[in-house]
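First the structure, in the form of C-alpha cells, and then the observations on it.
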Amino acid sequence: MAARGTGFFWTLLRRCRAPGPVRTRTGPGQHRCASSLPASPPPGSWTRLSRLAHRDLYRLSITDPDQFWGSAAADRLRWEEPFDRVRDCDLSTGKIRWFLGGKINVSVNCLDVNVEKHPDRVALIWERDEPGTEVKVTYRELLETTCRLANTLKSHGIQKGDRVAIYMPVSPLAVAAMLACARLGAVHTVVFAGFSAEALAGRIQDAQCKAVVTFNQGVRGGRLIDLKATVDAAVKSCPTVQHVFVAQRTENPAVMGQLDVPLEEASVCPPEPLDSEDFLFLLYTSGSTGRPKGLVHTQAGYLLYASLTHQYVFDHQDGDVFGCMADVGWITGHSYVVYGPLCNGATTVLFESTPVYPDPGRYWETVQRLRISQFYGAPTALRLLLKYDESFVKKYDRSSLRTLGSVGEPINHEAWHWFHRVVGDGRCPLVDTWWQTETGGVCIAPRPAEEGAAIVPAMAMRPFFGIQPELMGEKGECLSGGGVGGALCISQPWPGMARGIYGDRQRFLEAYFKPFPVPFAFVVLKEDSGLRPLVLQQLRELVSTKIARHAVPEHFLVVKRLPKTRSGKIMRRLLRKVAMGTTSDLGDVSTLEDPSVVEEIIEALERSRK
C-alpha cells in the first residue's frame, strides 16, 4: 500500500500506528536548517557524547544535530581537509548538503586507516558457493587489490566523476572494484548480477557509464552464470562504454573483444581528495514509470551514517564477524556488507551461495564454521527456511551469534518467532530494521535503546539518532498522542539520505517531497473459496483497527500471485501501474520470474469491474 505524504517532508511509503506519543512539533524553520558552527568540533567530542545514555543521546541528535553529527563526523572519519560547516539543508526545496568545505576519501577510511592499525586483521571472508572453501582477505591485501584495480582503471582513462558499472556477484573483487572507484573519485553503480542484458543496458545508458567491470562467469547454487556474455549483449546499445574490464571467477576463458581489458595491474594508487558532497555511487531502483531511477549517494554523510548504524543497531564490537547475507547489488550490501563494516574495521562476510545449497542448513553451517557474531538476513529467505525441519538449524553450533537482524521487507510473526526461537535459541536480540535505498541506512529499529528495553516481535519500533518521525493526517497536519494513525514521514534531514535521482531533479522532488495517491490493495488468498467477501471485509476491519480508518484501501483486488523477481522481491511499480490504469508502458519486466503474471493481474482487474 502507498500512503499519502505532504510537501516539505521526506515522505516514506508506509502507514503506521503510532508506537507511542509522538510529541514533536514542526514549523517552517524546522525544514530549513543551516549550521551555525564555525568549524569542526574539537577532537574527542564524540567520545564524550557517546557515553551519554541512549535517551539523552537521541534527544541531542534531534535538538542539536549540528553538535551530534559534527562531533561524530570529526572523530569517526579521517579528513583530508576538515569541514567548516555541518549542514545546509532545506527540505522544502530538496537541498541536502552536509559537512561543507571538508575533503575526504572513502577508501582511505575503509582501508588505509585500518591497515595502519591492524594490517593483518581479516577484512573479508568470502563464503564461496561450495561450503568449506571460504577465502579470507586481510585489510592489507584488500588495500593492495584495490590499488591494483584503481591503477588499471586510471591507466585506461577513468577519472573523478566518471561513472563505472560493476556487474559482479558478491566477491572480494567486487568490493575492491567499489573501493577502487571511491579511491579515484569515480562514481560506481553496482548492478545485480542476475539482471538481464536489457536491464543492465538501461542502467548503463541512464548513468552514461564510461566502463563496465565484470567477471567471465558467476557461480551460484552449483550453477555457472555467463556474466561476460550478458555484458557483451548489453554494451552493444551503450555507446558511452569505452572499456569492459574482465576478471576470471572460473577457469573457463572469456571471449575477449575490442573493448575488453584483463584486470591486471600493480603498484600503489594515491587517493583522490574529494568534497564531502561529491558523488560516491548511484544505485538503481525500479521507478514507477519503469524508467531506471538512479539514487545518488555522496561521500562523507553516507559513510558516517552507514558506520554509525552498523555499530549501534547491531552492537558491533571489536573482533566480531558480521554476517550480512545481502548481495552487493542492493543497498543492504553497500551499507552493511561493504562500507559500514569496513569503516568500522570489522570482519565482514561475503555470501556467494544460496540459503538452500547444498541443503537448507547452509546459513547455519556457515555461522558455525565462520563463528558469525551478527546475522542479517531477509524475511523472504527466512520464510523459505522455516518450512524445513528444525534439525537443519539445530545440528549446527550457533553459540557465536549475539544479534539477529531482518531486512528488506516487513517480517511476519511466524518468521520472527522462528528466527528468534529456533535460530537464536531465544537469547539473541532480533532487530527488525526499517529503511530503504533512499535512506542510506537503518532509520527505525529496536536497537539502540536503553539497556533492557523490550523488543516487540515484528516491529521496527524506535527511530535511530537524528531520525524524527512525524505522523501526518489527510490535510497535512501533524498528529500526536498514542493510538493515532497517519502517514509516516521524517521531518528532519540526516547525513545518509539520498541527494537526488541522477539526471532528474524534478522527479526526485515529486517522488519524495510531495503527496502521493491513496492505497490500493492486492490480495493473494491461500484458498479462493466462497468466503472471499468475508475475508475482504475482515481485511478492511483489520486495516481500520490496526492502522487507521482513513488507511483502508478503496480497492481490494484478489489475484492468484504477485509479480516477483527471481530473488523473491515484489515489483511494486508494476502493481502501481495496474492500480493507476497506466499499463500501456510497463517498462523493463525482464527481471520478473514469470512476466505473464502481469497480464493475469490486469485481467483480474478487468473482471472485477464488470
Side-chain angles (χ1 to χ4, degrees), residues 1-7 9 11-19 285-290 379-380 408-413 434 436 444 458-460 469-477 479 483-489 510-512 514-564 568-584 586 597-610:
M1 300 179 190
R4 180 178 297 276
T6 186
F9 282 83
T11 54
L12 303 175
L13 307 183
R14 197 181 199 184
R15 284 190 181 270
C16 74
R17 192 175 183 85
T285 65
S286 298
S288 59
T289 64
T380 301
E409 60 186 280
I411 186 171
N412 60 307
H413 280 267
W434 186 89
Q436 55 197 43
I444 303 177
M459 286 192 68
E470 293 279 2
L471 287 174
M472 305 199 71
E474 290 291 315
K475 299 179 181 179
E477 74 279 16
L479 305 175
V484 299
L488 174 61
C489 307
E510 291 176 356
Y512 301 110
K514 306 293 182 182
F516 43 88
V518 294
F520 187 111
F522 294 83
V523 181
V524 178
L525 300 177
K526 291 183 178 180
E527 295 182 9
D528 193 357
S529 64
L531 297 177
R532 179 188 294 195
L534 177 61
V535 171
L536 295 183
Q537 181 57 34
Q538 289 176 338
L539 285 175
R540 291 186 180 92
E541 294 172 356
L542 187 65
V543 173
S544 177
T545 303
K546 296 294 185 180
I547 303 178
R549 185 177 302 165
H550 61 258
V552 176
E554 295 179 16
H555 305 281
F556 283 85
L557 180 64
V558 177
V559 295
K560 294 180 180 179
R561 51 188 181 141
L562 298 174
K564 294 185 178 181
K569 182 180 180 181
I570 298 173
M571 195 173 281
R572 288 177 169 81
R573 70 168 177 83
L574 296 179
L575 296 178
R576 282 196 293 269
K577 281 185 162 296
V578 173
M580 297 170 69
T582 56
T583 56
S584 57
L586 293 174
V597 67
V598 181
E599 192 59 37
E600 287 182 12
I601 295 173
I602 294 173
E603 292 174 356
L605 180 60
E606 291 174 349
R607 288 195 301 271
S608 72
R609 290 173 173 172
K610 292 180 179 178

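Please read these numbers as outputs of a predicted model, since none were measured by experiment.
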Evaluate Leu488 against Ile444 for side chain to side chain contact (heavy atoms under 4.5 Å, CB included), listing each step before the verdict. CA-CA 12 Å; Leu488 174 61; Ile444 303 177; 4.1 Å; yes
Could you go through Leu575 and Val578, starting from their C-alpha distance and side-chain angles, then the distance that decides it, and tell me whether this counts as side chain to side chain contact (heavy atoms under 4.5 Å, CB included)? CA-CA 5 Å; Leu575 296 178; Val578 173; 5.5 Å; no
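Minimum interatomic distance between Pro379 and Glu409 (heavy atoms only, all atoms of both residues): CG-O, 3.4 Å. Val524 and Arg561 make their closest contact through CG2-CA, 4.1 Å (heavy atoms, listed as atom of the first residue, atom of the second, distance). Nearest heavy-atom pair across Val552 and Arg540 is CG2-O, 3.7 Å. Shown here for Ala604 and Leu557, the closest heavy-atom pair between the two residues is O-CD1, 3.7 Å.
Taking the side chain as every heavy atom from C-beta outward, Phe522 and Ile570 never approach each other to under 4.5 Å. Contact annotation: the side chain of Val559 never approaches that of Val597 to less than 4.5 Å [non-hydrogen atoms, C-beta and beyond]. Annotation: side chain of Ile601 is not in contact with side chain of Leu574 (no heavy-atom distance under 4.5 Å).
Note that CD of Gln537 and CZ of Arg532 are 15.0 Å apart. Values are rounded to the nearest 0.5 Å. Here the CG atom belonging to Leu539 is positioned 6.0 Å from the CG atom belonging to Leu536, to the nearest 0.5 angstrom. Between atom CG of residue Leu586 and atom CD of residue Glu599 there is a gap of 8.5 Å, rounded to the nearest 0.5 Å.
Glu603 pairs by the side-chain hydrogen bond (donor to acceptor under 3.5 Å, both in side chains) definition with nothing, not counting sequence neighbours. With sequence neighbours left out, the side-chain hydrogen bond (donor to acceptor under 3.5 Å, both in side chains) criterion links Gln538 to no other residue.
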